[in-house]
Amino acid sequence: MAATFPRAGARRRPLSRRSALLGISLTALLAATPALAQQAATAASGTAASGTGATAAATEAEALPTVTVQGADGRLVSDPYSTPSAVSTVNMLNNLNQSSRLDTVLRTVPGTFTEQSTSNPGVAINIRGFQGFGRVNMMIDGVRQNFRFVGHEASGFAYVDEQLLAGVDIARGAVSTAGGAGALAGAADMRTLGVDDIIKPGNQWGAIGNLTWGSNGQGWQEMFAGAAKLNDRVSVAVAIANSSPTNYENGAGQMVPYTWQNLSSGLLKSDIKLTDDSTLKLGAVFYNNFFYANSADQQITNNTYTAKYHYDPDSELIDFRFNAYYNDLTMTYLNTPRTTSNSRGRVIEDQGWGFDTSNTSNFMWGEVAVSTINGFEYFYDDVSASNSVNPANYGGVNPAGTSSVGGVFSETTFSYNIVDFILGLRYDFYTLDGSGYENLPGGAVPIGPWEVNESDGRFDPKFTLAINPYDWLQPYVTYAETMRAPTVSETMVGGEHPGGANQSYSANPYLQPEISKGWEFGVNIRKDGLFTANDQFRLKADYFSNDISNYIVTCLGGRSTQTFFCNVDGTSQVSGVELEATYDARTFFASASFTHNDNDLPPQTQGFGTNQYLPDNIFSMTAGLRFLDEKLTIGGRYSFYSQSTLIGFNPTFTGAAISSTPSPSYNLFDLFGSYQINDRLTFRVDATNLFDEDYTPALSVNPTGFTGNTGEGRTVLMSLRAHF
């Protein structure tokens with residue numbers, strides 16, 4: 001073994017001095033809020049007593065313009081087409097892009113892709129060619145999904161059942177509000193069903209039932225959700241879902257092994273109106289899945305808990321939010337004959353908790369309208385790695401340790417006439433704690449014990465200038481910087497490669513954070529009545545260019561088989577074009593997305609990650625017609641994925657190199673149709689990969705031992721959805 005780690009349950013190193021300041025900062029923020037509220041109430045009562053002053057104050061408040069501030073409404077993304085930033089949102093409740101995997105939906109979003117593991121059902125989101133180890137902050141209901149492991153995978157997955165999703169919000173590039181701490185390339189929040197998604201407006205209760213059958217191994221999927229308003233102040237919701245697909249066939253008729261899973265999930269939520277001005281939302285999302293990946297029968301349990309408080313009195317100065325959350329994800333390698341012998345009984349668990357708090361204020365500064373959101377976020381992870389069958393194996397090469405990431409943030413929009421200037425500034429910080437022992441020479445640390453007790457921070461600015469010459473046109477330009485801290489996996493990895501590859505791994509406590517600096521030029525277009533009185537046209541396009549320094553990949557030490565994570569010297573560049581557009585004239589509708597990506601990031605070593613290079617060009621277009629008073633919808637979808645760069649595979653895992661042969665391009669055609677039987681029942685049919693294209697999805701990992709194409713062949717899905 002190249003390194004050893006404490007067993008699960010061993011005493012953890014206490015947090016650094018910087019982490020101790022978090023409680024002081026939070027206390028100050030919370031203490032300030034009642035004072036602000038009292039000050040606003042006093043001012044309101046004072047102006048009310050003055051008669052004409054009250055009228056003037058009311059008139060001024062009514063005159064405040066509406067300004068979009070990212071994150072001000074508690075979501076990562078508000079209206080994408082009125083936000084001067086590269087943001088997108090996907091409606092999963094009424095999505096025309098129904099498919100068997102969330103990956104397919106995300107791959108239609110510009111600048112967004114996934115590292116698709118054919119046998120691992122987790123989702124690994126890639127933004128602009130960045131993925132793994134938190135470069136993209138993946139969240140479920142605003143809760144970070146920081147689970148990572150070292151292997152032939154994406155170095156991090158989020159586990160969520162798409163049947164329970166209401167939508168996905170995606171921010172590409174710097175995020176200067178909650179969710180942006182430590183995110184190098186952006187963030188994605190997968191929002192699960194809530195009370196308001198289930199209960200129709202004006203009703204006291206609601207229910208959603210979805211029953212789907214699919215060919216080509218998809219089988220049956222079932223989902224039921226119900227919600228009720230118990231009284232004027234308390235509402236509750238519950239949902240359960242199940243799916244058990246078997247192995248599917250590719251376009252050539254070959255059975256792709258280990259593509260089965262046995263998934264059950266559910267959620268509980270409650271909305272509580274504490275007072276006329278304050279609400280509390282409680283939530284719990286549960287995920288349990290069995291599958292075979294990484295040469296092992298595995299079980300994943302992922303439980304996410306949230307408590308979200310919102311105080312919004314009758315004051316433009318106060319819109320206060322405090323969100324607390326806890327996430328517990330456990331990956332267990334089952335003790336079965338198919339599991340590699342030295343992996344049987346491996347347990348990797350990430351227990352994470354955190355919070356974010358913010359206040360949004362709107363006011364006039366002379367003739368300038370000001371909207372500002374200021375806050376603080378923090379998240380702490382405790383990772384344990386053990387083996388219940390053979391304790392001496394620990395978690396294989398996966399280390400144990402603790403880490404935290406957080407930041408103080410501010411985003412202020414100044415609006416004057418047709419000009420919006422958005423000033424974003426955040427101070428992000430991180431901590432890393434752990435220890436181990438190095439047995440072999442040639443790594444990043446000498447032979448003997450080592451420990452990590454690291455903390456650091458950085459100011460990251462974001463400046464945006466947007467012009468609104470017409471109510472339908474908004475060009476903008478942005479300069480932003482971001483930072484990603486090293487993770488426990490990168491800093492403290494160790495051990496030997498299983499299977500006799502004669503490869504050992506070494507920790508590197510000296511890793512520096514990755515830094516991104518770049519520009520973005522974009523435009524938003526919102527036009528109603530373009531060709532007819534009732535049509536709508538929306539377009540969002542941007543060009544970005546980022547320089548990346550201290551990018552983390554793998555290096556070889558003095559021994560040709562000793563590998564560790566390291567910072568790359570110099571600067572790498574990533575640039576590209578992103579576009580999305582929609583047109584809806586009711587009887588006819590169409591949408592399109594396009595991504596062009598140039599990426600010269602150094603490659604990751606196979607086994608310490610996987611391919612991260614997007615196809616050079618990605619295009620998707622959906623179009624359809626509505627008939628019979630819009631009860632019948634018929635449409636189709638075309639998707640094109642060009643060639644993409646591949647990482648060469650080295651069986652000894654001793655280095656990384658760009659393959660001389662790129663991945664081939666491919667085209668996919670889908671058809672869909674739906675009929676609204678009545679205002680409660682809808683029947684839908686989808687045919688994906690209509691022409692049975694034999695392909696392997698870009699950025700994908702083959703199942704263990706399979707060398708054929710892994711793209712799913714022609715599949716027919718039929719579903720009946722009821723919404724009462």
Side-chain angles (χ1 to χ4, degrees), residues 92-95 97-105 116-123 140-141 145 157-168 190-195 197-198 206-228 236-248 256 258-269 283-293 297-305 327-332 334 336 680-686 688 712 715-724:
M92 297 293 291
L93 280 177
N94 302 290
N95 190 359
N97 193 8
Q98 180 170 327
S99 68
S100 58
R101 295 195 69 155
L102 178 60
D103 294 82
T104 307
V105 178
Q116 182 175 316
S117 174
T118 309
S119 53
N120 191 315
V123 59
I140 297 174
D141 291 337
Q145 302 298 299
F157 287 99
Y159 292 91
V160 64
D161 190 339
E162 54 256 38
Q163 292 193 84
L164 298 182
L165 289 181
V168 183
M190 291 163 275
R191 297 178 288 105
T192 61
L193 292 169
V195 171
D197 299 308
I198 302 170
I208 299 176
N210 197 73
L211 181 64
T212 301
W213 178 85
S215 66
N216 195 14
Q218 291 302 311
W220 292 97
Q221 299 180 38
E222 307 91 16
M223 188 277 288
F224 173 80
V236 295
V238 61
I240 56 174
N242 180 74
S243 59
S244 301
T246 58
N247 295 333
Y248 62 75
V256 182
Y258 310 128
T259 53
W260 58 269
Q261 59 176 305
N262 190 350
L263 169 62
S264 58
S265 63
L267 61 80
L268 295 170
K269 292 192 176 181
V285 182
F286 308 103
Y287 178 99
N288 186 53
N289 204 349
F290 294 89
F291 54 91
Y292 181 91
D297 284 311
Q298 296 186 36
Q299 179 183 10
I300 287 283
T301 59
N302 189 31
N303 300 323
T304 305
Y305 305 93
N327 200 89
D328 186 355
L329 193 150
T330 302
M331 170 183 279
T332 303
L334 302 180
T336 61
R680 296 180 175 181
L681 292 175
T682 302
F683 177 72
R684 180 181 174 105
V685 178
D686 289 80
T688 62
E712 193 173 28
T715 303
V716 177
L717 300 166
M718 295 183 290
S719 65
L720 182 64
R721 183 174 185 265
H723 192 177
F724 294 90

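- Minimum heavy-atom separation, Leu717 to Gly214: CD2-CA, 3.6 Å.
- Here the straight-line distance linking atom CE of Met718 with atom CG of Asp686 works out to 11.0 Å at 0.5 Å rounding.
- A search for ring pair (Phe, Tyr, Trp, His ring centres under 6.0 Å) contacts involving Tyr292 returns Tyr258, not counting sequence neighbours.
- A side-chain N or O of Asn302 and one of Gln145 form a donor-acceptor pair less than 3.5 Å apart.
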For this session: Kindly determine whether Val168 and Val105 satisfy side chain to side chain contact (heavy atoms under 4.5 Å, CB included), including the steps that lead there.
Result: CA-CA 10 Å; Val168 183; Val105 178; over 6 Å; no

Exercise. Are Gln163 and Glu222 close enough, and set up right, to give a side-chain hydrogen bond (donor to acceptor under 3.5 Å, both in side chains), and what steps lead you there?
Worked result: CA-CA 8 Å; Gln163 292 193 84; Glu222 307 91 16; over 6 Å; no

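- Leu720 contributes atom CG, which lies 8.0 Å from atom OG1 of Thr682 (distance to the nearest 0.5 angstrom).
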Problem set entry | Working for side chain to side chain contact (heavy atoms under 4.5 Å, CB included), residues Thr301 and Met331 | CA-CA 7 Å; Thr301 59; Met331 170 183 279; over 6 Å; no

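- Ring orientation note: the planes of Phe291 and Tyr159 are close to parallel, at an angle under 30° on the 30°/60° scale.
- Across every non-hydrogen atom of Leu267 and Leu193, the tightest pair is CD2-O, 3.9 Å.
- Atom CD1 of Ile198 and atom CG of Leu93 lie 9.0 Å apart (nearest 0.5 Å).
- Within the 4.5 Å cutoff, side-chain heavy atoms of Pro121 are placed close to those of Tyr287.
- The distance from the CG atom of Asn242 to the OG atom of Ser264 is 6.5 Å, given to the nearest 0.5 Å.
- In this structure, the separation between CG on Asn210 and OG on Ser719 is 5.5 Å, given to the nearest 0.5 Å.
- Ion pair Lys269/Asp197 not flagged as a salt bridge, since none of the NZ, NE, NH1 or NH2 atoms sits closer than 4.0 Å to an Asp/Glu carboxylate oxygen.
- Looking only at side-chain heavy atoms (C-beta outward), Leu211 and Trp220 come within less than 4.5 Å of each other.
- Residues satisfying the salt bridge (charged side-chain N to carboxylate O under 4.0 Å, His left out) criterion with Asp297, sequence neighbours excluded, are Arg338.
- The shortest distance between side-chain heavy atoms of Thr246 and Tyr248 does not fall below 4.5 Å.
- Gln299 and Asn288 are linked by a side-chain donor-acceptor pair at a separation below 3.5 angstrom, with hydrogens and angles left out of the test.
- Of the possible donor and acceptor atoms, one in the side chain of Ser215 sits under 3.5 Å from a partner among the backbone N and O of Val716.
- Thr304 and Asn327 are linked by a side-chain donor-acceptor pair at a separation below 3.5 angstrom, with hydrogens and angles left out of the test.
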Exercise. Run the side chain to side chain contact (heavy atoms under 4.5 Å, CB included) check on Ile300 and Thr330 step by step: do they pass?
Worked result: CA-CA 6 Å; Ile300 287 283; Thr330 302; over 6 Å; no

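- The shortest side-chain heavy-atom distance between Glu712 and Asn216 falls under the 4.5 Å cut-off.
- What you find for Gln221 and Ser243 is that their closest heavy atoms are CG-CB, 3.7 Å.
- Between Ala239 and Leu164, the shortest heavy-atom contact is CB-CD2, 3.9 Å.
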Exercise. Would Thr715 and Gln218 satisfy side chain to side chain contact (heavy atoms under 4.5 Å, CB included), going step by step from the backbone distance to the final call?
Worked result: CA-CA 8 Å; Thr715 303; Gln218 291 302 311; 3.8 Å; yes

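- The shortest non-hydrogen separation linking Val195 to Ala237 is CG2-CB, 3.9 Å.
- Looking at every heavy atom in both residues, Thr118 comes nearest to Thr259 through CG2-CG2, 3.4 Å.
- Taken from CD1 in Ile140 to CZ in Arg191, the straight-line distance is 13.0 Å, to the nearest 0.5 Å.
- Between His723 and Arg680, the closest side-chain pair of non-hydrogen atoms is not below 4.5 Å.
- Within the 4.5 Å cutoff, the side chain of Ile240 has no heavy atoms near those of the Met223 side chain.
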